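Sequence lines set the chain letters: A, B, ... in the order given, protein chains first and strands last, and positions in each chain run from 1. Because the structure is a prediction, the values reported are computed rather than measured.
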Protein chains: 2
Amino acid sequence: MSNWTLYEGDCLEVMRELPSESVDAVVTDPPYGISYQSAWRDKSARLPKIANDERPFVWWLHDAFRVLKDGGAILCFCRWDTQEAFRLAMEWAGFTVKSQIIWDRQGHGMGDLKAAFAPTHDVVWFGVKGRFEFPGKRPQSVIRIPRLSGQVLVHPNEKPVDLMRWCVESVTPKGGTVLDPFAGSGSTLVAAVEGGYRAIGIEVDPTCCDIIRKRMAAVQQPLPLEK
Amino acid sequence: MSNWTLYEGDCLEVMRELPSESVDAVVTDPPYGISYQSAWRDKSARLPKIANDERPFVWWLHDAFRVLKDGGAILCFCRWDTQEAFRLAMEWAGFTVKSQIIWDRQGHGMGDLKAAFAPTHDVVWFGVKGRFEFPGKRPQSVIRIPRLSGQVLVHPNEKPVDLMRWCVESVTPKGGTVLDPFAGSGSTLVAAVEGGYRAIGIEVDPTCCDIIRKRMAAVQQPLPLEK
DNA sequence: ACTACGGTTGAATCCTGAA
DNA sequence: GTTCAGGATTCAACCGTAG
């Protein structure tokens, strides 16, 4: 039996079916706007980008709270200018937001070249349900891992596995279950399963799902041979 | 004639008297609104409470906007959990908040040891009035400078001069005027004057003012002798 | 009286870097 | 090495007051 599951479907619908208090941690990178189903596919289809398409997609947080065990944790990626929406929604969903974590990715995109600092970081909110305790050493609020370069990307928003491993290991009890409702390129699942955790992923885009299954097949190679 | 001025008094009263559009940059570290008092050891050894620290102290922002030249910038330090108050108030005062900057100070205090990441960063909001342009290279959003330890003067939160120099140089035109309405230990003034800028400081605490004057006297040593 | 709540006090926690 | 102080804290315990 496999220690990971991928649901191909809308995360709101899938999460509704997941049992309460069944996962130890939620680690995810939700979309910001209405093109959340697949920013990637939209891009290749050359849909025009709407300037104010920055509506944070927070509706999964309610079920995320229900599905999480008491004493469990959530790590939610966001951008500096949408962070407050996610922080508020997390609180409203029942989480206690305990920390702002900074992913110092050391490389930047463009932004406003004239009048804005080159953004080399992303924000990750850390929230808890009930009384949480770190499974290991207390981690620090800044994590410095270079972002993936454009050429190795299989997904526009792909996170380094090292980063996701740090996330998972920081907040999940050994062997626990990690849920990523926006699996995307699957880095969270790879990191979790490689680290000996159980993983549940949800992804609506079929192309992404194919990529995830391919990546996970490689991970599933006999673990003892690795490392 | 000196290239720096220190006003000993309440920043709201002093700023009211400053002429409009007279400074190129505001760089400051206001009371966070966390009612902080270090409670290590016994009561008698405690440092004095920071004035105006009960709630986020944002009332200076209105005059800060007026006093700033068009095209000028503001850098405002805050903590992750009070940052939103300052961002909102900056926008209300007229600034356009362009960037969130992270000071990775690489050392942390205590916080919630069980259920919060060790906070090793502070947030700095970057706002502009009108059309701003960086005087030099476009800076990045994460600045990594170790915090001071041990040699604290009076404030529990003295900033490294290197950090303030980076702040001042990033946003102030060469030889411009920098205003710090919460001069505190005076690091901003030291950094500005050392860098060939003009500096205006305001500080309400007489002890802090003495320390600032002492530090600035050292800075005023013939500059050519310094490195 | 007994609980409920708000405000204040001090103990305790762990990691880092200086001694 | 090894000890030790110190840290933009949080939490529990303890009041006093109010309902």
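For B/Trp59, the CH2 atom is loosely surrounded, since the number of other residues' heavy atoms within 6.0 Å does not exceed 12. Counting non-hydrogen atoms of neighbouring residues, nucleotides and ligands closer than 6.0 angstrom, the CZ atom of B/Arg55 reaches no more than 12 such neighbours.
By the side-chain hydrogen bond (donor to acceptor under 3.5 Å, both in side chains) test, A/Thr120 pairs with B/Ser141, sequence neighbours left out.
When only modelled atom types and interatomic distance are considered, B/Gln100 and B/Gln83 share a side-chain donor-acceptor pair under 3.5 Å. B/Asp180 and B/Thr28 share a side-chain donor-acceptor pair at under 3.5 Å. For the 3.5 Å distance criterion, the side chains of A/Ser170 and A/Arg138 fail to qualify, holding no donor opposite an acceptor.
Of the residues in residues 103-125 of chain B, those placing a heavy atom less than 4.0 Å from an atom of DNA chain C are B/His108, B/Met110, B/Leu113, in numerical order.
A sub-4.0 Å separation between OP1 or OP2 of D/dA12 and a side-chain N or O of A/Arg131 is present. Here A/Lys98 does not reach the OP1 or OP2 of D/dT9: none of its side-chain N or O atoms lies under 4.0 Å away. Within the structure, a side-chain polar atom (N or O) of A/Gln140 is placed less than 4.0 Å from OP1 or OP2 of C/dT16.
For the pair B/Ile145 CD1 and C/dG17 C1', the interatomic distance rounds to 18 Å; values are reported in whole Å. Protein atom CD of A/Gln100 is 17 Å distant from nucleotide atom P of D/dA8, rounded to whole Å. The CZ atom of B/Arg147 sits 9 Å away from the C1' atom of C/dG17 (whole-angstrom rounding). Residue B/Tyr32 contributes atom OH, which lies 18 Å from atom C1' of D/dT10 at whole-angstrom precision. Rounded to whole angstrom, the span from the CG atom of B/Asn157 across to the P atom of D/dT9 amounts to 10 Å. Atom CG of B/Asp81 and atom P of D/dA8 are 14 Å apart (whole Å). For A/Arg138 and D/dT9, the CZ to C1' distance is 9 Å, given to the nearest whole Å.
Between B/Glu13 and B/Arg16 there is no salt bridge, since no side-chain N of the basic residue sits under 4.0 Å from a carboxylate O of the acidic one.
Ring geometry for A/Phe77 against A/Trp103 counts as perpendicular: the plane angle is over 60°, on a 0 to 90° scale with 30° as the lower cut.
Paired with B/Glu21 under the rule salt bridge (charged side-chain N to carboxylate O under 4.0 Å, His left out), one option of B/Lys69, B/Arg66, B/Lys129 passes, and it is B/Lys129.
At a threshold of 4.0 angstrom between heavy atoms, the contacts of B/Pro30 include nucleobase atoms, whether or not backbone atoms are also involved.
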Discussion item. If a pair means Watson-Crick or G-U wobble with both distances below 3.5 Å, what does DNA chain C look like in dot-bracket form, with | marking bases paired to a different strand?
Written reply: .|||||||||||.||||||
